[in-house]
Peer 1: 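Before anything else, here's the structure in question.
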2 protein chains.
Amino acid sequence: MTATVDGNAAIDRLRMQNAAVPEAGATLTIADIAERTGVTAHTLRYYERIGLLDVERDGAGHRVYGPAEYRRVVFLNRMRMTGMPIRELQRYVALVREGEQTMPERLALMLAHREAVRRQLAELTFALETIDFKITAYGGDCPV
Amino acid sequence: MTATVDGNAAIDRLRMQNAAVPEAGATLTIADIAERTGVTAHTLRYYERIGLLDVERDGAGHRVYGPAEYRRVVFLNRMRMTGMPIRELQRYVALVREGEQTMPERLALMLAHREAVRRQLAELTFALETIDFKITAYGGDCPV
DNA sequence: GTTTGCGTTAGAGCGCGCTCGAAGGCCTAC
DNA sequence: GTAGGCCTTCGAGCGCGCTCTAACGCAAAC
């Protein structure tokens, strides 16, 4: 993972994920996916174990990832970044497997999560004021 | 904790904390502090145990909180909300106990944390786009 | 042919931040 | 005087999300 000017590892990862989308028909190993997404092989196996990923095996029993799996990993990673619990992701993935008729429910899940993220943003912004206040206070004196 | 229009429990708590500042000289029980800050009595004892709070005892051995302790609890709560680890709070509190000469170091800690929170805000904002994209996609079809 | 290196599985372990249980003390109300 | 309720301490337990170990397999490189 290469560092960029702002030095934000998570944002770097997001940029990397956008840049490293495999072309249609490509087949990738677990190491490839780990490198391209920044999700460790251990975690990829863990995600598969708990039902977040479905991955084929080659003749040697090794995992074979394609663009669809790549996109899934990136999606999972972003939802985790925004604090979506594993349990909810399991529910979402289960709905995807059930087929098109679950699209309204999936949409509802995403809408609810968007609200959760917006609340999170509001909280962070609010709490940031306390930090700013603290920093300003260190110009004078600082209680606590 | 009373609900407000937007239904954001954490923001409600922040508002409540601002509204429930005890007047100078007031003495509060652990239950009072729990109610006013939204931090449970269990957690308040835990914070004390790990060195984040210093609280006096009355004749019966019960904890007695004053405005300074209240402010400390509110501060701790806000730093936790923004993801500051307990270890860092322990370090900060240790610096406070060491006295005024640690103010530059405390300031540096706060500045670093402010940057961390800003990064967090950037990440959330970035990842929010993925959610928005997903939601838009449900108007059409949705891969993954 | 053996070393190197990547992969596999099952399952244990860990760090964090609480959260709870048990056993008991003090104070007030009835 | 006894029941209820809130307080105390100590220590164990828990949910989450990984993270790592052990033991082993296959396959190309030397």
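All chains are named by letter (A, B, ...) in the order of the sequence lines, taking the proteins before the strands, and each is independently numbered beginning at 1. For clarity, every value in this text was computed on a predicted model and none was experimentally measured.
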Peer 1: Quick check on B/E100: does its CD atom have over 12 non-hydrogen neighbours (other residues, nucleotides or ligands) under 6.0 Å away?
Peer 2: no
Peer 1: At under 4.0 Å between heavy atoms, how does the protein contact nucleotides 6-20 of chain C? Give one character per nucleotide, 5' to 3', with B, S or -.
Peer 2: -SBB-B-----BBBB
Peer 1: Who passes side-chain hydrogen bond (donor to acceptor under 3.5 Å, both in side chains) against A/D58, sequence neighbours left out?
Peer 2: none
Peer 1: Starting from A/V64, can I reach A/V73 by hopping between I/L/V/M/F/W/Y residues whose side chains sit under 4.5 Å apart?
Peer 2: no
Peer 1: Using a 6.0 Å cut-off, check whether atom CZ of B/R87 has over 12 heavy atoms from anything other than its own residue.
Peer 2: no
Peer 1: Calculate the interatomic distance between A/L44 atom CG and D/dC18 atom C1'; express it in whole Å.
Peer 2: 12 Å
Peer 1: For A/A94, what residues pass the side-chain contact (heavy atoms from CB on, under 4.5 Å) criterion, not counting sequence neighbours?
Peer 2: none
